[in-house]
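Worksheet for the structure shown next.
Since we're looking at a predicted model, the values are computed, not measured. Naming convention: chains lettered A, B, ... in sequence-line order (proteins, then strands); numbering from 1 in each chain.
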Amino acid sequence: MDELREQRIKKVGELSDRGIDPFGGRFLRSDEAQACHTGYREGKEVAVAGRLASIRGHGKTVFADLHDSSGKIQLYLRRDNLEGAGLEILDRLDLGDIVGVRGELFTTRKGEISVLVRELTLLSKALLPPPEKWHGLKDREIRYRRRYLDLVANREVAELFRLRSRIIREIRSFLDRRGFLEVETPMMQPIPGGAAARPFQTFYAALHAPMFLRIAPELYLKRLLVGGFEKVYELNRNFRNEGLSRSHNPEFTMLEIYEAYGDCRTMMELVESLVTEVADKACGNLTPASGEAVIDLNPPWKRIPYRDLVGEFLGREDWFSLSPEEMAAEAVGRGLEVSPEMTPMEITHEIYEKCVEPSLIQPTFVLDFPASLVPLARRKKDDPDSVDVFELVINGTEVAPGYSELNDPLEQRRRFQDQAAARPPDATDAGGEIDEDFLEAMESGMPPAGGAGIGIDRLVMILTGAASIRDVILFPQLRPKKEDPNPEASPANP
RNA sequence: GGGGGCGUAGCUCAGUUGGCAGAGCAACGGCCUUUUAAGCCGUGGGUCGAAGGUUCGAAUCCUUCCGCCCUCACCA
């Protein structure tokens with residue numbers, strides 16, 4: 001099994017013995033592979049470099065496919081046309097090797113533009129064989145653990161991550177044009193706040209102080225509102241010490257946006273414009289596929305209050321006037337588990353999360369959540385039982401929440417105290433300690449503001465049609481592999 | 001953490017009722033100067049995820065463990 005590697009190492013030695021460096025240095029390229037096609041001229045002199053994806057020996061000639069990040073160009077190597085060390089290298093060429101070649105462009109009898117190679121330089125000898133060329137790399141574990149092989153073997157995977165990059169660039173561009181300032185706030189926080197989630201804990205030796213990886217940047221971004229940055233955003237990683245699933249990775253990318261003097265409605269307009277513009281510019285269309293379904297991102301998106309939505313879904317306008325027993329019966333009838341101590345609101349929300357939300361494939365802003373469900377948001381003036389928030393749902397998953405932010409420091413202190421008091425004593429999530437430093441900031445005066453967060457990984461899933469969050473994160477979290485007792489025996493698994 | 005599925009050559013996969021470990025690609029040797037999933041002839045390559053058990057005999061059945069996938073739970 002190590003035979004393949006041994007053979008290649010032997011070739012490295014043979015080349016070195018002949019004074020040929022198997023791991024060459026700088027190579028000046030005249031063109032990328034794609035440009036050889038678009039800028040084709042018979043006899044044009046080119047220098048290209050890339051990885052060998054196919055080698056087809058043909059008597060005293062060899063055809064090879066060279067891949068670089070732009071695409072593919074075929075090489076035609078004739079023994080009688082190679083200069084210098086070319087022959088020695090050619091005799092020891094393997095799939096996966098990275099080479100640089102110089103030569104002139106021509107078109108083969110079958111009509112394929114190719115480089116008639118004159119100079120062949122070995123830039124990096126691959127010691128391990130690449131995955132199979134026709135079926136690609138399918139094993140999910142290898143694809144996630146050794147993503148570089150996935151990227152080399154499966155072109156559509158590389159394309160997806162390029163698209164992810166374009167999406168993020170367009171998001172920044174959109175916010176920049178709207179006058180938002182990108183900021184960076186601490187990822188290591190003494191008190192993790194801004195969300196209810198179990199944090200990762202670490203220890204800062206120099207200060208002898210426990211620290212937490214942030215679960216949200218919210219409380220720092222609000223400090224910046226106090227400081228006079230009126231339109232700010234942060235697009236970076238959050239960390240939550242919770243389970244893995246198709247839509248959860250412990251570190252995930254979040255966009256949080258705050259706009260002073262705005263509110264929930266301001267943010268709804270912003271999020272709708274942002275997503276549609278990004279989809280249009282990065283993906284070129286507003287109708288990404290999702291399995292069987294097609295998502296239509298064309299605005300305006302549906303906006304519906306929580307209570308109306310639940311009533312509409314269940315087909316009964318009188319839902320909220322039902323008795324707890326009738327509500328529980330409805331939930332059980334839908335295959336949900338309810339316990340006697342659940343409040344009507346809790347039963348309703350169970351139905352919302354398990355039945356209503358997954359049914360919302362097309363983009364929907366769910367508005368006016370019951371206050372008891374969202375303790376940190378501002379209540380609506382004309383309906384104190386509801387809070388002024390929205391939750392954007394697309395393809396059955398929450399993509400973006402938005403708030404009319406609370407800016408009353410006294411009310412905020414009460415909410416924190418209530419939150420801390422409501423925690424079970426054995427709770428491991430954040431929220432046990434009141435962030436006095438943040439409250440002090442608020443007491444200096446925080447402007448009213450709208451805030452929104454967009455889960456970037458989930459947004460990318462929607463725009464690319466990916467079924468799992470692992471398919472849109474380059475190196476998703478996996479269980480660490482046990483150390484190999486004999487590393488030398490298995491170099492592929494360090 | 002619970003339930004279900006999967007793990008066979010570097011990669012993609014077969015493997016029947018428990019009865020000699022297989023194919024294609026890749027590799028190695030040979031032929032071939034416009035091929036392209038090149039072709040033809042030949043060769044090598046296996047801790048069947050790991051350990052234990054049942055059996056005359058285990059890739060196959062049982063137990064435990066490891067890893068991956070799905071699902072539930074947790075999850076503003």
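- Just one residue in the list A:L116, A:V115, A:L87, A:V117 forms a side-chain contact (heavy atoms from CB on, under 4.5 Å) with A:L77, and that residue is A:V117.
- If you take atom C1' in B:U43 and the same atom in B:G3, they sit 48 Å apart, rounded to whole Å.
- The nucleotide whose nearest atom lies closest to any side-chain atom of A:R145 is, among B:C68, B:G44, B:U34, B:C68.
- Look at CD on A:E141: it is 15 Å from C1' on B:G5, rounded to the nearest Å.
- Close to B:U35, at under 4.0 Å from its OP1 or OP2, lies no side-chain N or O of A:K60.
- Both tests do not hold together for A:R146 against A:Y148: distance to the six-membered ring centre under 6.0 Å, angle to the ring axis within 45°.
- Between B:U17 and B:A59, the two C1' atoms lie 15 Å apart (nearest whole Å).
- Under the Watson-Crick or G-U wobble criterion, with both distances below 3.5 Å, B:G18 has no partner in any strand shown.
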Is there a ring-ring contact (aromatic ring centres under 6.0 Å, His included) between A:H349 and A:Y306 once you walk through the steps?
-> CA-CA 10 Å; A:H349 202 55; A:Y306 180 89; 5.8 Å; yes
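- If you take atom P in B:C69 and the same atom in B:U16, they sit 27 Å apart, rounded to whole Å.
- For the P atoms, the distance from B:A38 to B:G24 is 15 Å, rounded to whole Å.
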Does the side-chain contact (heavy atoms from CB on, under 4.5 Å) test come out yes or no for A:L360 and A:E391, once each step is laid out?
-> CA-CA 12 Å; A:L360 299 174; A:E391 200 152 84; over 6 Å; no
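- Ring planes of A:F390 and A:F365: perpendicular class, angle over 60° (limits at 30 and 60°).
- Distances shown here put every side-chain N or O of A:K110 at or beyond 4.0 Å from the OP1 or OP2 atom of B:U34.
- Across all strands shown, B:U63 forms a Watson-Crick or G-U wobble pair, both distances under 3.5 Å, with B:A51.
- Side-chain atoms of A:T108 and base atoms of B:U35 include a donor and an acceptor less than 3.5 Å apart.
- Out of B:C68, B:G24, B:C75, the shortest distance to the side chain of A:R140 is found at B:C68.
- Put simply, CD on A:E6 is 17 Å from C1' on B:A26, counting in whole angstrom units.
- Using atom C1' as the reference point in both B:G45 and B:G10, the two lie 10 Å apart (nearest Å).
- Between B:A73 and A:K354, a contact under 4.0 Å exists linking OP1 or OP2 to a side-chain N or O.
- Nucleotides B:G29 and B:U35, compared at atom P, are 25 Å apart to the nearest Å.
- No donor-acceptor contact under 3.5 Å links the side chain of A:R109 to the base of B:U34.
- Nucleic acid contact for A:K10: none, since no nucleic acid atom lies under 4.0 Å from a heavy atom of the residue.
- B:C25 atom C1' lies 4 Å from atom CD of A:E132, rounded to whole Å.
- B:G57 and B:G18 are spaced 16 Å apart, taking the P atom of each and rounding to whole Å.
- Of the listed nucleotides (B:U34, B:C69, B:U36), B:U36 has the atom at the smallest distance from the side chain of A:Q74.
- Of the two residues near RNA chain B, A:L244 and A:T107, the one whose nearest nucleotide lies more 5' is A:T107.
- A 4.5 Å side-chain heavy-atom check between A:L93 and A:V99 finds at least one atom pair inside the cut-off.
- Pair assignment for B:A23: B:U12, on the basis of Watson-Crick or G-U wobble contacts that are both within less than 3.5 Å.
- Base pairing analysis places B:A37 opposite nothing; no Watson-Crick or G-U wobble pair with both distances below 3.5 Å involves it.
- Toward the 5′ end of RNA chain B lies the nearest nucleotide of A:P129, the other residue of the pair A:P129 and A:L478 mapping further downstream.
- The shortest distance between the side-chain N/O atoms of A:R246 and the OP1/OP2 oxygens of B:C70 is not below 4.0 Å.
- Contact between the side-chain N/O atoms of A:R198 and the OP1/OP2 oxygens of B:C74 is not found at any separation under 4.0 Å.
- OP1 or OP2 of B:A26 sits under 4.0 Å from a side-chain N or O of A:K133.
- Not a single donor-acceptor pair, N or O on each side, falls under 3.5 Å between the base of B:C11 and the side chain of A:H135.
- Counting any heavy atom pair closer than 4.0 Å across all strands shown, A:R470 reaches sugar-phosphate atoms only and no base atom.
- When the P atom is compared between B:C40 and B:A23, the two are found 16 Å apart, to the nearest whole Å.
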